[in-house]
Amino acid sequence: MGAYTAFLDLALGLANPALGLVASGAGLGGVYLASTLVVLCAATIAVRLLNAPPLDLAKSASALSRSQDYEQ
């Protein structure tokens, strides 16, 4: 939950001033265009994550444990 709120605060803190700069330079149409591009990028990432194969956490933990045993 902490990571979610941190990224939400970061997004709100950066997006609003950035869109203000876009609006001052390109007008309101530029704000809509920039927002559309951001949403399309987010949708692309979401679809890729939904289609990714699930991770086998037990197998990953076992491999990590074995690699740490070799280092000692």
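Computation of the quantities below employed the complete heavy-atom set of this structure, encompassing side-chain atoms and omitting hydrogens, waters and symmetry-equivalent molecules.
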Minimal non-hydrogen separation, Leu19 against Val31, with atom names: O-CG2, 3.6 Å
Closest non-hydrogen contact found for Asn16 with Leu12 is ND2-O, 3.2 Å
Please round to the nearest 0.5 Å and tell me the distance separating atom CG of Leu33 and atom CG of Leu37. 4.5 Å
